[in-house]
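Only one structure is covered here, and it is reproduced in the block below.
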Amino acid sequence: MQSTLSALSQRVTEAIAEAFQLKPEDVNPRLTRSQDDKFGDYQCNAAMGLAKQLGQKPRDIAQKIVDQLKTDDLCEAPEIAGPGFINLKLTTEYLAGQLTQTPPNPDDAAASEQTGPVRNQTGPVRDRIGIPTVEHAETIVVDMSSPNLAKEMHVGHLRSTVIGDSIARILEFAGHNVHRVNHVGDWGTQFGMLLEFVRQTQPDALEQKGNLVINDLEKFYVQAKKRFDDDPEFADRSRKNVVQLQSHDPNTIAIWEMFCHESLRHCHAIYEILGVENLVDRGESFYGPMLGDVVEEFKTKGHATESDGALCVFLDGFTSRDGDPLPMMIQKSDGGYNYDTTDLAAIRHRIHEMHADRIIYVVGIPQKQHFQMLFAAAEKVGWSSDNNMLTHIGFGSVLGEDGRPFKTREGGSVKLKDLLDEAEARARRVVEQNVEKGGDRSHFDESTINHIARTVAIGAVKYFDLSHNLASDYKFNFDNMLAMEGNTAPYMLYAYARIRSIARKADTANTEENAATSTNAPIVLEHDSELRLARMILRFPEIIDTLLVDLRPNLLTDYLFDLSKAFNMFYDRKQGVRVIDAKPMNIRASRLRLCDITARVLKTGLNLLGINTIERM
RNA sequence: GCGCUCGUAGCUCAGUCGGACAGAGCACCGGUUUCCUAAACCGGGGGUCGCAGGUUCAAGUCCUGCCGGGCGCACCA
């Protein structure tokens, strides 16, 4: 399955170059998808722009482009409309031909061997639906999730984790070599207090290695903080711990390692629920030994300036609240380092040691300026070679119903675990209600119900997050994300399950005479609803192309929703066509294959969002 | 104060490199269970795109100013 948009763009580019004697690389074909079906599938907006440049009437220019345009194998005859739009409408033959060529699903063989009511999914979907990988695979680091180990993961980490994973999946799908890096906060002054609290509350933890268990990290932190504030002696010992940690005192390091290990166990329990895999934990401490070298490099290259006893890098275009140049501090006046230094060391390590071609930071918008400065510094010191190498994907905040930052009633941060548990409990209630209604679902056993509830709940939280524009804040709302109607995971998963159900029913309805398999049947498009569905399916490759440039998951959720709606129209009793009982046989096979390809696109698309599908729900 | 970001239907949100009459879902009104699983489907009404200028053949989109919400601004990370 190839991108029709990119194929057509090439044709239009060639035609414009030919018509006006331009170099193809100087031509912008300005080809976009039409907003209204009545204008066809794609429109070229280049003529209006060229009019001024060439001093000719836009409609004349459009005509000259059309005269050179060779698109017979894809489109009907081009039409010029309005001020000079060139409208292109794909032919039925092209649409049918493209769909007919869709390669078979490599997962089909494996799937047919599973007989349970719910097919468990492990690992990535292998089905590419004929979409090619990029020509030049890059090594890409996705910096994501990155909780602070001192505390429990809270709702603030949701977006980075979910968006980062989706972006990583999209890049992997394209064939890139992706490293998900969890830049966890495992270093800093608050660890002195936590380690002291471990020493006092679990004194035997060190003897019984690996025996440190903290059931509630959040409570642990709060208690330690309280002791720190109330007890001067405790505070004093805490500060000593920080010093000992920094000087790598073996006993202190041992406790610190146990604590980090225990905290990471909490994190990975969440990642497991979320289905985030291949996330490499690489804490700030990892870069500790490199910090001196980083500072040295800035000094040697003449980019570090002393200011008020601290060592700073001054970058053009950044000013502080008083209008003075805003420095990036790489060494404090006491000789210590801060997070700017650590982040710089991480960039250097990723470029020099991991050989990253690109580094993508999935971190909230409030940190935008920090990353602008960080990237500017990395460029100044000569690590990053071009502007595309370092990218900050910023996102908005998760808000409560009142539009304020999402908090518990007590004003604390909402634990991610509690949030996901609540989503699952709500989803289970809905599943159980539906099972009680009987029908096809009455034989669902406990484990099936659990699996459905879990998949729907996690999918709902992720989909709700990903379906919003990255830049916007959004209001967290269980009812909205678990709604069966609208652009939600339950709707998408249900649409998928229904299509799969059609396939099962069609299988059992196969008689001797109509036993033809639909997996490689020629696609025949007759009805409007079939054509509409076909067009929608074939947009998938260009959506993937766009995602690789824009890295905006909500483009994908919108597309999948549109695809579902097109499918529902296709299957609609009144407006659609017959499928399972369609006659003659070649039409039935064609329509069943359309169902199958739709399901595959839905499944693949949802997988790129990190959402699992279920065969029945 | 400087900077970033958002403001689109009653509510929640989309809106591509500026492109043709501004989209979806919820809610509201009406219709649909003899191909799938009604957790569904189909149809309808509903908008001064915060305000005012400007650029352009064309502005929700770009520029300027203002109003309103959120956020960031060196020894915490």
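Numbered from 1 within each chain, the chains take letters A, B, ... in sequence-line order.
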(request) Go ahead and write out RNA chain B as dot-bracket, 5' to 3': ( ) for pairs within the strand, [ ] for ones crossing earlier pairs, | when the partner sits on another strand, dots for unpaired; Watson-Crick or G-U wobble, both distances under 3.5 Å. (result) (((((((..((((.....[...)))).(((((.......))))).....(((((..]....))))))))))))....
(message) Starting the side chain at C-beta, find the nucleotide from B/A14, B/A77, B/C75 nearest to A/N469.
(response)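 That would be B/A14.
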(message) Just to verify, what does A/N450 make a side chain to side chain donor-acceptor pair (under 3.5 Å) with, not counting sequence neighbours?
(response)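 Expected list: A/R428.
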Work out how far the [atom1] atom of [N] is from that of [M], and round it to whole angstrom.
N: B/U33; M: B/A38; atom1: P; value: 13 Å
N: B/G46; M: B/A27; atom1: C1'; value: 11 Å
N: B/G70; M: B/C17; atom1: P; value: 30 Å

What's [X] touching, base or sugar-phosphate or nothing? Going by heavy atoms closer than 4.0 Å.
X: A/N28; answer: base
X: A/N434; answer: base
X: A/M617; answer: base
X: A/I543; answer: nothing

(request) Do nucleotides 19-24 of chain B as a string where each nucleotide becomes B, S or -: B if the base has a protein heavy atom under 4.0 Å, S if just the sugar-phosphate does, - if no protein is that close. (result) BBB--S
(request) Classify every nucleotide of nucleotides 4-12 of chain B by which part a protein heavy atom approaches to under 4.0 Å, writing B for the base, S for the sugar-phosphate alone and - for neither, in 5'-to-3' order. (result) SS------S
(request) With RNA chain B as reference, determine whether A/K52 or A/K437 sits nearer its 5' end, using the nearest nucleotide of each. (result)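 Between the two, 5'-proximity favours A/K437.
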What does the list of N/O pairs under 3.5 Å between the protein and nucleotides 29-36 of chain B look like, with a distance for each?
residue	atom	partner	partner atom	Å
B/U32	O2'	A/R573	NH1	3.3
B/C35	OP2	A/R578	NH2	3.3
B/C35	O4'	A/R578	NH2	3.1
B/C35	O2	A/Y571	OH	3.4
B/C35	O2	A/V579	N	2.8
B/C35	O2	A/I580	N	2.8
B/C35	N4	A/Y571	O	2.5
B/C35	N4	A/V577	O	3.4
B/C36	OP1	A/K505	NZ	2.7
B/C36	O4'	A/Y571	OH	3.4
B/C36	O3'	A/S501	OG	3.2
B/C36	O2'	A/R498	O	3.4
B/C36	O2'	A/S501	OG	2.4
B/C36	O2	A/R498	NE	3.1
B/C36	N3	A/R498	NE	3.4
B/C36	N3	A/R498	NH2	3.2

(message) Tell me if the side-chain of A/Y494 makes a donor-acceptor pair with the base of B/A39, cut-off 3.5 Å, by modelled atom types.
(response)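 There is none.
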Mind listing the N/O atom pairs, protein and nucleotides 72-74 of chain B, below 3.5 Å?
residue	atom	partner	partner atom	Å
B/A74	N1	A/S307	OG	3.3

